[in-house]
There are 2 protein chains.
Amino acid sequence: MHTPEPIGGARPTSRDVARAAGVSQATVSLVLGDKWRGRVSERTAEAVRETARSLGYRPNLAARNLRLGRTRTALLVVPALTNEFFAHVHTGAAAAAAAHGFGVVLYPSPDGLGPARDPFASAQAALDGVIASSMATDALEAFRGSDLPLVMLDSDPADAGAAAHVNLDVADGMRRVTDHLLGLGHRGFLHLASAAPSWTFDVRAATLAHALRGTDVRTVRSPLNVVAAGEAAERALAAAGPRPTAVICDDDILAVGVCKAARRLGLRVPEDLSVTGFDDMALATVVEPELTTVRLPAEEFGRRGMEALLAVLAGERPPSLTLPVTLVPRGSSGPAPAS
Amino acid sequence: MHTPEPIGGARPTSRDVARAAGVSQATVSLVLGDKWRGRVSERTAEAVRETARSLGYRPNLAARNLRLGRTRTALLVVPALTNEFFAHVHTGAAAAAAAHGFGVVLYPSPDGLGPARDPFASAQAALDGVIASSMATDALEAFRGSDLPLVMLDSDPADAGAAAHVNLDVADGMRRVTDHLLGLGHRGFLHLASAAPSWTFDVRAATLAHALRGTDVRTVRSPLNVVAAGEAAERALAAAGPRPTAVICDDDILAVGVCKAARRLGLRVPEDLSVTGFDDMALATVVEPELTTVRLPAEEFGRRGMEALLAVLAGERPPSLTLPVTLVPRGSSGPAPAS
DNA sequence: CCACCGAGGTTTTACGTATAACGTCCGACG
DNA sequence: CGTCGGACGTTATACGTAAAACCTCGGTGG
């Protein structure tokens, strides 16, 4: 029977390697840390490397972190992992981190877009910095007390609590959506907004309100899930008064709910009702017809966020960025029906 | 202008707290570690707590980890975060971990279901153990060299490299699918299989082959994404010979691709073609009609995996588990068309 | 002939924590 | 009256690493 090594199975330390190679611990550290040029002979260095390999030596990260006072690890806080968008953000952040020898610990704030209870208690890993993405305004409070450098993604650039900001130009995105729909002749709108009190959604609402001033706009809020969004949309579309001809959604998930509601109400998309989403996730091309939506550069977003954090850690003062977005017109939006 | 504390801004240590409270560092450690009963007076203890609070003391995790020789942190390796299934697995694992004061570091194997290059170099965090979920068979090799306790999810239970196994009863799931479709009168099948060389998919294929012996079965492999799956299915369905009346997919993502292909070919689902998925992710209820699929207890899966790891770390020898799955019949499967 | 230097190391120290081992004072008991 | 044992702490040490400071020895320039 295979016994998987006694649990605390003493791993070899740099001192073990030193003893086995007949040198001092300091020499081992120098060689393996690649700082031996001119201080240790090529012969000795190779011997040390060989010994380390044969013993299966792996440096103790805890000890190294303690000694160096940093961990080369960043925490990425996201509202919810089930939202594909944040998976892409993570990919970008992790790639940028890896390029600089950093690691990323992912921490999904447990209450969806709600407040993060104690990210640091949960993330046992010692951290060098934090990237908080698209957090609810109240959730951000949890980070005020920390003395860690903080980069905020998708939050109010005026907020002084962060060392740097990286944003998506959601205002421009929303403007492109309204321009698109106004150009198609729509004058009656339903704005299906996210119920989460987040800066990024506030911007969308304000932009939309401004761009559609003078037209007929109703707003309904819904949590970010298909079923709830469908119910909210169904109620709003079945309500009395003139029916909107276009539904603008804060997120693809909401838009999918609207499409399902439209089908239940016997409304054809886009002939009777145009629907637009936001994010351009895989979801957008799954529904029939495919969603007109705003594409966000999710991966670049994560990458820029990590680069900003790395800059802060290097003592620089990184500029605050706003990344451009694009409108992707697809089948879910069409000319307004003749009234 | 708000200067966010000098980057390396010396945080207070337990010794600083001790000095400020007029006690020794050991006393601080005892009090804050909640091991002071009978060794320190209530008055002193409260004074220490108060001082720590006012100084904003936070223990240095690196030092604690070094001292204790463990980190209370586990690594969860998943093939791809964009697959919603693994987000749920993480949720379950994180919950179980938190209940025992553990943290979870998420590591998405960068190459999808391909080999994980060096999980330990990337996860800078020191680790107590590893949970590897649904890894490709070759990717598992990356973990052989490690001396960390390893729990495998969704992999061959006969594999002796792991300290424990937790599995989903995918064989039973696939049998339920075939029973369901055979009961509906289907005799011509297409199996749209995942191209990833993973144990869990091998089991599905073998089970399907056995359950459908004697009927007409073709197999096509596709990567796990909607577009590729759609193309593969379209080719297979348009090919010469008798057309299958049911397509059995290894994953909901593949099934969605099939639905889109069916629409392009002018085939109605389920009247002309039945389609089944696997996993029961959000995707399954987004397409029209909604997918008949196999529901996997993803969150419990993650929870059980973490519990198994915790048991191993506690020196126990946890039993290998297989969790039950259920068939969720929906609109995408119906009676076989009369030929 | 001696001071100096560079090559090739070693000795030592510090990081911050947890805890085992060790004091000290005082009341009580034999 | 001695000493015993809580109550309440303190002192000392170890975890494994990185790196500053130091040592030794043979060659070399002045």
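Given the structure is predicted, the values throughout are model-derived calculations rather than measurements. The chains referred to below are lettered A, B, ... by the order of the sequence lines, with proteins before strands, and numbering in each begins at 1.
Among the nucleotides C:dG16, C:dT10, D:dT11, the one closest to any side-chain atom of A:Arg39 is C:dT10. The side chain of B:Pro59 approaches C:dT17 more closely than any other nucleotide in the set C:dT19, C:dT17, D:dG16. Distance from the side chain of B:Lys35 is smallest for C:dT19 among the nucleotides C:dT17, C:dT19, D:dT10.
No contact: A:Leu30 has no heavy atom under 4.0 Å from any strand. Residue contacts for A:Ser41: at a heavy-atom cut-off of 4.0 Å it reaches the sugar-phosphate backbone alone, with no base atom in range. When heavy atoms are screened at a 4.0 angstrom cut-off, B:Thr27 is found touching base atoms of the nucleic acid. Residue contacts for A:Val28: at a heavy-atom cut-off of 4.0 Å it reaches no nucleic acid atom on any strand shown. Residue-level contact check: A:Ser29 touches the bases, meaning some heavy atom is under 4.0 Å from a base atom.
Following rounding to the nearest Å, B:Leu61 (CG) and C:dG16 (P) show an atom-to-atom distance of 14 Å. Atom CZ in A:Arg70 sits roughly 16 Å away from atom P in D:dT17 (whole-Å rounding). Distance B:Asp34 CG to C:dA18 P: 12 Å, rounded to the nearest Å. Spacing between atom CZ of A:Arg19 and atom P of C:dT10 amounts to 14 Å, rounded to whole angstrom units. B:Arg43 has its CZ atom 15 Å from the C1' atom of D:dA7, to the nearest Å. A straight line from OH of A:Tyr57 to C1' of D:dG16 spans 7 Å, rounded to a whole angstrom. Nucleotide C:dT17 holds its C1' atom 14 Å from the CG atom of A:Asn60, rounded to whole Å. Rounded to an integer number of Å, the gap from B:Arg67 CZ to D:dC15 P is 9 Å.
Of the two residues near DNA chain D, B:Ala45 and A:Thr13, the one whose nearest nucleotide lies more 5' is B:Ala45. Taking for each of B:Thr44 and A:Gln25 the nucleotide of DNA chain D with the nearest heavy atom, the 5'-most of the two is the partner of B:Thr44. For A:Val40 and A:Arg15, each mapped to the nucleotide of DNA chain C holding its nearest heavy atom, the one lying further toward the 5' end belongs to A:Val40.
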Carefully, step by step, assess B:Asp16 and B:Thr13 under the rule side-chain contact (heavy atoms from CB on, under 4.5 Å). CA-CA 5 Å; B:Asp16 295 331; B:Thr13 72; 3.6 Å; yes
For the pair B:Val130 and B:Tyr107, evaluate side-chain contact (heavy atoms from CB on, under 4.5 Å) and give the outcome as yes or no after the intermediate values. CA-CA 10 Å; B:Val130 177; B:Tyr107 182 77; over 6 Å; no
Give the intermediate values and the outcome of side chain to side chain donor-acceptor pair (under 3.5 Å) for residues B:Thr322 and B:Asn167. CA-CA 5 Å; B:Thr322 297; B:Asn167 283 79; 5.2 Å; no
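For the OP1/OP2 pair of C:dA18 and a distance below 4.0 Å, the side-chain nitrogens and oxygens of B:Arg64 include at least one atom meeting the criterion. Between B:Ser24 and the phosphate of D:dT10, there is a side-chain N or O to OP1/OP2 separation shorter than 4.0 Å.
Using a cut-off of 4.0 Å between Lys/Arg side-chain N and Asp/Glu carboxylate O, B:Glu299 and B:Arg303 are scored as not salt-bridged. Comment: A:Arg43 does not engage A:Glu50 in a salt bridge, judged by the lack of any side-chain N to carboxylate O separation of less than 4.0 angstrom.
Atom-to-atom distance recorded for A:Arg72:CZ and A:Leu127:CG is 14.5 Å, nearest 0.5 angstrom.
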